[in-house]
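For reference, the structure is listed below as structure tokens.
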Amino acid sequence: MTSTSPSGTAAALAACRAASPLVQCITNFVSMDIMANTLLAAGASPAMAHSIAEVEAFVSIASALLINVGTLSDGWVGGMKLGAQRAVELSKPWVLDPVGCGATPYRSLICAEMLQLKPTVVRGNASEIMALAGAAGATTRGVDSTAAATEALAAAKQLAAQHGCVVAVSGAEDLVTDGRRVLRVANGVPMLQQITASGCSVTALIAAFVSQFPQQPLEATAHALSYFGLAAELAVSAGGVKGPGSLRVGLLDQLATMSEAEVLAGARVLE
Amino acid sequence: MTSTSPSGTAAALAACRAASPLVQCITNFVSMDIMANTLLAAGASPAMAHSIAEVEAFVSIASALLINVGTLSDGWVGGMKLGAQRAVELSKPWVLDPVGCGATPYRSLICAEMLQLKPTVVRGNASEIMALAGAAGATTRGVDSTAAATEALAAAKQLAAQHGCVVAVSGAEDLVTDGRRVLRVANGVPMLQQITASGCSVTALIAAFVSQFPQQPLEATAHALSYFGLAAELAVSAGGVKGPGSLRVGLLDQLATMSEAEVLAGARVLE
Amino acid sequence: MTSTSPSGTAAALAACRAASPLVQCITNFVSMDIMANTLLAAGASPAMAHSIAEVEAFVSIASALLINVGTLSDGWVGGMKLGAQRAVELSKPWVLDPVGCGATPYRSLICAEMLQLKPTVVRGNASEIMALAGAAGATTRGVDSTAAATEALAAAKQLAAQHGCVVAVSGAEDLVTDGRRVLRVANGVPMLQQITASGCSVTALIAAFVSQFPQQPLEATAHALSYFGLAAELAVSAGGVKGPGSLRVGLLDQLATMSEAEVLAGARVLE
């Protein structure tokens with residue numbers, strides 16, 4: 001069992017490194033390189049496989065499935081749906097990243113359809129979570145990238161409660177809820193927002209961590225967010241970060257080399 | 001209004017950072033990561049969205065559209081054309097990067113068709129611009145990667161005059177023309193050619209800059225080229241660049257952190 | 001003629017840098033950025049072009065073709081097959097990377113079909129090569145990522161002999177065989193496995209090197225593996241590698257700047 005203390009984060013990371021879970025990723029083109037490298041750095045094994053011809057067979061050998069709608073097109077939606085359905089049938093966790101939900105009607109529609117396929121976890125920024133709640137018929141309205149955290153939290157709790165999933169809202173402080181409890185994650189640095197697909201990558205990490213603690217998706221999600229944010233902090237602390245280019249390099253280095261002591265000293269999951 | 005002096009480059013960069021324009025990119029798979037990171041480093045907001053199902057809706061919320069034909073296939077051409085048409089309808093700038101024009105008949109055909117959709121700016125290397133001029137029926141002939149700059153300039157001026165666009169030719173010294181005036185940009189380092197998609201990325205920057213100065217696409221294009229090339233120069237000056245791997249890192253760092261004083265001291269747009 | 005000595009590796013690299021062969025890559029989305037940068041660093045010229053509309057025309061101007069099935073889907077298989085057939089017709093080398101062969105029936109089927117199109121070289125890890133041999137009807141069975149090198153070697157020799165190609169098995173020590181001779185390559189560092197698509201990238205290098213020595217694909221393949229592995233070693237030796245993020249940067253730097261003296265001192269192709 002994983003607690004919300006730093007020792008819980010350390011245990012979650014240790015479990016991921018020991019098990020090397022195969023995380024199948026159906027994700028956008030922008031994110032593929034950094035997402036695969038993030039998973040490798042955490043000790044997991046990435047597999048980018050999206051084709052309708054093999055997506056179900058792949059889910060059957062994977063430990064978890066990540067679905068990210070970033071560079072969405074009809075040719076990929078079929079594979080996304082088949083994959084999600086198969087994951088649910090096999091009781092394997094799948095995690096949804098509703099990139100850009102709310103930006104276009106098509107995107108909101110597909111995200112709402114994916115939400116019906118019972119994701120284990122949904123992670124997005126405040127705007128995306130609020131848009132997803134709206135697209136799914138919740139009373140929360142408005143899509144604003146400067147959405148107040150409190151408003152996004154209400155949407156997140158509503159989504160989580162209605163759909164029986166964990167919802168994570170990324171921000172200066174990340175919020176994670178199962179509709180009742182709310183965990184806050186106070187790791188990370190603002191410059192992460194200047195690295196494309198850093199949010200996508202942490203969602204893949206969530207899939208990896210949740211696969212090791214399927215009964216505790218709330219805690220496992222928070223630990224993945226904490227570990228990723230802490231890696232960015234440690235990269236900055238180590239010196240050598242001059243901007244987003246070198247932060248990306250340092251981030252991957254720290255994800256791969258982070259020690260238990262560093263996790264214990266730096267992880268900040270708060271209840 | 002933006003002049004061709006270093007203060008003009010500084011003003012263009014400041015405008016991009018202040019406005020954070022949403023730049024929609026329909027681009028090749030190779031370029032997506034570095035292009036998105038380049039736009040983020042410049043303070044712009046990238047959105048890679050290509051599907052025919054949402055491309056028009058996305059254009060309506062974007063500040064500019066970038067179309068790059070690098071990993072061209074029929075499945076993407078429809079979205080490219082719809083996007084370009086919608087941008088013109090909405091009077092939003094769109095920028096064409098005719099990657100590999102001249103390499104195959106298919107590629108030349110699609111590039112010529114895109115050219116008919118009235119891009120605001122076209123940027124390519126000498127071979128691509130000469131091939132595009134040939135494919136579009138100009139008298140310039142021949143596709144040679146060692147094409148003389150003067151021959152490419154003639155093709156660029158002809159293209160620009162016939163199609164009412166700005167044409168930029170990348171090279172040791174970049175040339176930018178609207179068919180009458182010719183600006184030269186003397187920034188950059190030769191090693192940039194060893195970073196894949198660096199040319200693609202600067203075309204996306206052009207889209208971002210032009211969105212802020214829609215009445216001055218000639219100057220805005222030159223400023224984007226100058227800013228990008230100067231970032232590479234500053235990365236080398238800062239030390240730590242040992243090859244194309246570290247240059248890519250330093251380039252993104254410098255794009256993100258470049259100060260007004262550095263722009264004023266280093267930008268070289270010449271008329 | 002290229003020997004298996006370090007001077008042979010140096011000669012192969014020098015030939016690649018001098019000729020700058022155009023290497024057409026039909027490859028997975030994850031690998032595109034690092035593969036193109038790897039080829040550029042080696043002095044080659046990458047071209048990612050996969051569409052059925054131009055793949056044959058592209059092969060006709062390329063020096064070699066790389067086909068990697070990583071993010072496989074039906075929409076790409078047609079282009080892969082047409083490209084391979086055209087390469088054979090034009091007597092140009094083409095190299096197959098059977099990523100994930102054995103993971104799903106679909107993937108094994110497509111890999112077996114590609115094998116019938118007479119690749120010049122096949123490169124994979126032990127599991128992939130053993131799965132490919134099984135899918136192609138060889139007596140070798142079993143797909144295990146911890147497959148013993150000796151068992152993979154037997155599969156590799158069988159594949160090579162039956163299909164008239166060179167087969168390379170990546171591992172702590174790489175094995176390269178034409179069915180009779182076996183070369184071993186003792187360069188590289190374990191951390192390379194934490195860089196996504198590093199294996200994909202070295203396969204593209206093989207295509208580049210083999211294009212320069214079409215009569216000696218066995219030796220050229222070994223030299224490409226040696227050069228790539230040595231670049232990783234030199235990156236570590238140079239200091240500054242703290243994890244897979246910085247190793248990737250250093251790898252590209254060393255590929256681009258490696259001197260003849262460094263090759264002569266470090267290349268380890270053994271017969």
Side-chain angles (χ1 to χ4, degrees), chain A residues 20 22 24-62 71 73 75-76 78-79 195 201 231 234-235 238-241 245-258, chain C residues 27-37 48 68-77 99-111 125 127 131 143-146 190-201 235 239-253:
Chain A
S20 194
L22 180 64
Q24 182 181 353
C25 304
I26 304 178
T27 189
N28 68 74
F29 304 120
V30 190
S31 69
M32 289 201 185
D33 176 275
I34 189 172
M35 183 182 289
N37 278 319
T38 295
L39 288 170
L40 286 170
S45 179
M48 274 61 184
H50 67 284
S51 169
I52 205 164
E54 67 171 357
V55 73
E56 292 169 296
F58 234 113
V59 170
S60 72
I61 59 170
T71 48
S73 69
W76 283 55
I195 303 177
S201 297
L234 292 171
V241 171
S246 43
L247 177 58
R248 178 179 162 152
V249 172
L251 174 70
L252 291 170
D253 283 351
Q254 295 292 335
L255 287 169
T257 61
M258 196 184 297
Chain C
T27 189
N28 70 73
F29 304 120
V30 190
S31 68
M32 288 203 186
D33 176 275
I34 189 173
M35 183 182 290
N37 279 319
M48 274 60 184
N68 174 304
V69 302
T71 49
L72 192 60
S73 68
D74 279 353
W76 284 54
V77 172
V99 176
C101 186
T104 67
Y106 174 66
R107 199 162 280 265
S108 297
L109 173 67
I110 299 297
C111 288
N125 62 33
S127 298
V143 181
D144 185 345
S145 61
T146 58
M191 200 194 287
L192 275 174
Q193 294 177 45
Q194 285 187 283
I195 303 176
T196 197
S198 56
C200 306
S201 297
V241 171
K242 299 176 183 172
S246 43
L247 177 59
R248 177 178 163 152
V249 173
L251 174 70
L252 291 170
D253 283 351

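Just the heavy atoms: all of them, side chains too, but no hydrogens, waters or symmetry mates, feed the values below. Bear in mind that the values here come from a model prediction, so they are computed numbers and not experimental data. In the text below, chain A, chain B and the rest are named by the order of the sequence lines, each starting its count at 1.
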Reported CE-to-CG distance for the pair A:Met32 and C:Asp33, which is rounded to 0.5 angstrom = 13.0 Å
Region of A:Phe29 in contact with chain C, defined by heavy-atom distances below 4.5 Å | side chain
Under 3.5 Å, which donor-acceptor pairs link side chains of residues 38-51 of chain A to any protein atom two or more places apart or in another chain?
from, atom 1, to, atom 2, distance (Å)
A:Thr38, OG1, A:Ile34, O, 2.7
A:Ser51, OG, A:Ala53, N, 3.0

Top contributor to chain C contacts, counting heavy-atom pairs under 4.5 Å, from A:Leu252, A:Leu255, A:Asp253 = A:Asp253
What pairs with A:Ala57 under side chain to side chain contact (heavy atoms under 4.5 Å, CB included), at least two apart in sequence or on another chain?
-> C:Thr104, C:Pro105
Option in C:Val99, C:Leu247, C:Thr196 with maximal non-hydrogen atom pairs under 4.5 Å from chain A | C:Thr196
Please report the shortest heavy-atom distance between C:Lys242 and A:Gly239, naming the atom on each side.
-> NZ-O, 4.5 Å
Return the option, out of C:Val249, C:Asp74, C:Ile195, C:Asn28, with the maximum number of heavy-atom pairs under 4.5 Å with chain A.
-> C:Ile195
